[in-house]
Participant: 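Sending over a structure as structure tokens; questions will come in a sec.
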Number of protein chains: 2
Amino acid sequence: MPSPSIYTVAQRAGVSIATVSRVLRDSGPVAATTRERVLAAAAELSWSPNRLAAGLAARVHGAAGIVFPDLAGPYFSQVVLGFEEQAVADDRSALILATHGRLNADEMVLDLAARVDGLVVMDRTVTDEVVRCLEGRGSPVVLLARPAVGATPAVRAESLDAATRITAHLIALGHTRLAFLGDPEAAPDVDDRWRGFLLAHLEAGLPAPGKPVRSGFVQDEGYAAGTALLDDAARPTAVVCANDEAALGVYAAARDLGLRIPDDVAVTGWDDIPAARAVTPPLATVRQPMRELGRQAGALLSARIAGVPADSLTLPTEIVLRASCGPPANSRTPTNRIPTPTRRLEP
Amino acid sequence: MPSPSIYTVAQRAGVSIATVSRVLRDSGPVAATTRERVLAAAAELSWSPNRLAAGLAARVHGAAGIVFPDLAGPYFSQVVLGFEEQAVADDRSALILATHGRLNADEMVLDLAARVDGLVVMDRTVTDEVVRCLEGRGSPVVLLARPAVGATPAVRAESLDAATRITAHLIALGHTRLAFLGDPEAAPDVDDRWRGFLLAHLEAGLPAPGKPVRSGFVQDEGYAAGTALLDDAARPTAVVCANDEAALGVYAAARDLGLRIPDDVAVTGWDDIPAARAVTPPLATVRQPMRELGRQAGALLSARIAGVPADSLTLPTEIVLRASCGPPANSRTPTNRIPTPTRRLEP
DNA sequence: TTGTATGCGTTATCAC
DNA sequence: GTGATAACGCATACAA
């Protein structure tokens with residue numbers, strides 16, 4: 001038995017399909033009694049309009065998509081969730097696409113674009129060229145955690161300054177041998193954090209630090225990179241990690257090497273995931289509004305879909321000092337002064 | 001300038017729309033030279049077929065949806081990711097919907113159903129009645145982490161037996177005052193874990209434990225519940241948590257109360273999230289194949305969409321013993337014997 | 001191998 | 001208020 005159509009409902013209600021459409025979409029005047037009849041008929045047939053047909057006629061998908069590299073860890077999850085919330089708020093469905101660094105990511109994204117009214121694109125999932133192509137085809141795009149491209153706006157969380165500040169804090173605590181753990185080429189945000197790390201050294205008059213210790217975003221990678229970094233007599237006394245999960249990997253590495261945090265090595269992360277407060281010692285980190293990032297990106301996208309030009313947006317981050325960056329045992333600077341405006345001390 | 005349609009392309013290639021459709025969908029024979037012309041025209045216009053129209057004509061959405069309560073924590077993230085992977089593998093788009101316990105969840109799901117070929121429904125996001133309604137309207141459904149409903153199959157991870165075994169392990173270690181932290185009414189899986197917890201007491205001849213200490217899935221809730229539970233002279237010596245994140249909250253609670261794990265209180269979790277290995281001591285837990293759950297649910301859904309009847313599926317779980325459940329200081333049973341077949345000792 | 005014509009289920013613009 | 005009817009963009013029998 002085929003599913004009922006607007007014709008079935010119209011016939012049952014004794015009206016034309018135009019009227020059915022009117023009551024359902026509340027467009028145009030309809031007599032109260034007529035409305036009742038239509039509603040009743042629709043209910044009896046448990047009919048709901050075919051979104052495909054409705055979309056085709058109205059030239060609207062009623063859907064928005066988000067493209068991200070992966071869904072590993074709280075960061076991406078929260079961003080996607082924020083996006084979903086905004087989409088629902090705008091009465092749109094949310095489509096997701098994880099590229100995983102697949103080679104055919106470009107065509108996957110192009111394909112996705114054909115089924116949504118607009119797209120949020122995270123990180124380096126696709127090239128700038130693809131972004132332009134998308135816009136060229138009439139698909140509004142909002143970039144997330146990645147620089148703007150032409151007129152395509154970007155939503156980001158401040159990274160460079162926060163990285164400079166948290167590094168400066170470590171330096172102020174007396175650290176002179178610091179390492180950066182993360183891959184600046186993996187994501188624009190990480191690159192900013194790395195540059196802030198460098199900048200802090202410059203400003204403090206310290207010699208330039210070594211190259212970053214490459215690591216992905218997941219804990220296992222942080223563990224591997226952390227082990228390689230710390231299993232060395234010339235190990236650093238402080239490690240600035242590109243994200244919390246990698247930092248937790250460093251925690252495990254330090255433990256397995258018999259090193260104490262922060263006495264033997266200070267550690268900082270990024271994101272302020274819940275686990276950062278559960279570990280011992282609590283992890284110092286930089287909080288970024290993950291959910292809000294997704295929400296704002298979705299909101300900007302909605303604006304663009306509506307034809308309203310949207311400007312790029314940078315959300316503030318917040319340094320969260322916790323015991324993991326506490327003064328090392330042989331601290332020469334007992335002060336706890338933090339050279340930054342926005343700060344926070346927990347717990 | 002309106003986006004090009006199949007007519008534009010056909011005209012430019014000097015063929016009919018039927019031919020364009022043929023080369024694009026590779027249906028029916030087309031001369032090589034003709035094919036080239038069409039492809040060229042399509043490329044020049046950077047045209048891609050309108051999915052709405054294609055879907056309408058083919059009576060197919062080319063999309064699958066998944067409904068979940070929230071995206072907090074690795075569990076839901078991984079499940080959704082597994083679902084997405086399977087959807088992509090089946091050449092379908094993935095739609096997501098988080099209900100957040102919203103009151104109008106039912107209609108949101110019904111609405112989502114109108115734009116996909118099938119739906120995976122997690123937990124208690126909607127009632128059994130809605131599931132039947134969905135099926136009645138011709139939308140194949142696969143349940144996830146929730147019992148089957150009529151002919152609608154379910155994909156689950158084994159919970160009851162694993163809960164019995166890990167509880168039995170604690171009891172074998174000498175614990176007699178155990179608490180269950182989690183809300184059996186929050187999710188069917190948690191209810192199974194609670195029942196396994198009870199069963200282990202029965203089998204060991206221990207008096208029935210107290211009521212579960214209600215807690216949600218996130219760390220903060222685990223912290224609050226854990227604090228209430230442990231800040232008491234008559235506190236339990238072991239806490240079986242419904243999931244890892246809540247367990248991490250208990251870690252923080254114990255730390256803040258000056259209690260040591262496992263000496264003062266043993267703790268176990270569920271899921272085996274990465275952070276479980278990063279905390280000190282490492283968290284004993286029950287590993288469930290989160291990603292695979294999503295993938296299998298997606299696969300079953302594909303089968304159902306294809307008209308193939310699908311049976312319910314229960315994936316195995318694995319007990320992962322770590323230091324957090326190590327023998328208490330005053331252990332009366334020095335044995336480490338584990339009364340279960342599948343087990344694992346880490347690190 | 002290719003073209004014609006119809007249907008897919010709505011929306012929306014007209015008349016009435 | 002209500003009803004025909006033309007798009008909407010594509011898939012696909014059916015012809016040629």
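Just so we're on the same page: letters track the sequence lines, and every chain starts at 1. Keep in mind that what you see is a predicted model, and the values were worked out from it rather than measured.
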Participant: If you count the non-hydrogen atoms of other residues, nucleotides and ligands that lie under 6.0 Å from CG in Asp91(A), is the total more than 12?
Facilitator: no

Participant: Whole Å only: how far is the CZ atom of Arg51(A) from the C1' atom of dG9(D)?
Facilitator: 18 Å

Participant: Under the side-chain hydrogen bond (donor to acceptor under 3.5 Å, both in side chains) test, which residues partner Asp189(B), sequence neighbours left out?
Facilitator: Arg156(B)

Participant: Rounded to the nearest Å, what distance is computed from the NE2 atom of residue His61(B) to the P atom of nucleotide dG9(C)?
Facilitator: 11 Å

Participant: Glu44(A): which residues meet the salt bridge (Lys or Arg N to Asp or Glu O under 4.0 Å) condition with it, sequence neighbours left out?
Facilitator: Arg12(A)

Participant: Using atom CG of Asp26(A) as one end and atom C1' of dA12(C) as the other, report the distance to the nearest whole Å.
Facilitator: 15 Å

Participant: How close or far is atom P of dT2(D) from atom CD of Gln11(A), stated in whole angstroms?
Facilitator: 18 Å

Participant: Identify, with sequence neighbours excluded, every residue that meets salt bridge (Lys or Arg N to Asp or Glu O under 4.0 Å) alongside Arg37(A).
Facilitator: none

Participant: Atom pairs under 3.5 Å, N or O on each side, protein against nucleotides 11-16 of chain D: can you list them with distances?
Facilitator:
from: dA11(D); atom 1: OP2; to: Ser21(B); atom 2: OG; distance (Å): 2.8

Participant: Can a side chain N or O of Ser16(B) be found less than 4.0 Å away from OP1 or OP2 on dG3(C)?
Facilitator: yes

Participant: Both Arg59(B) and Ala32(B) contact DNA chain C. Which one's nearest nucleotide lies toward the 5' end?
Facilitator: Ala32(B)

Participant: Can you check whether Val141(A)'s main-chain N or O pairs, donor with acceptor, with Glu135(A)'s side chain at less than 3.5 Å?
Facilitator: yes

Participant: To check you understand the geometry: which heavy-atom pair defines the closest contact between Gln78(B) and Ala72(A), and what is its length?
Facilitator: NE2-CA, 4.2 Å

Participant: Take the C1' atoms of the five end pairs on each side of the helix from dT1(C)-dA16(D) to dC16(C)-dG1(D), derive the two axes, and give their angle rounded to 10 degrees.
Facilitator: 40°

Participant: Minimum heavy-atom separation for Val79(A) and Met290(A), please, with both atom names.
Facilitator: CG2-O, 3.4 Å

Participant: So, is Thr34(B) close to the dT1(C) phosphate, meaning a side-chain N or O under 4.0 Å from OP1 or OP2?
Facilitator: no

Participant: For Leu56(B) and dC10(D), what is the distance between atoms CG and P respectively, to the nearest whole Å?
Facilitator: 12 Å

Participant: Who pairs with Arg295(B) by salt bridge (Lys or Arg N to Asp or Glu O under 4.0 Å), at least two apart in sequence or on another chain?
Facilitator: Glu85(B), Glu292(B)

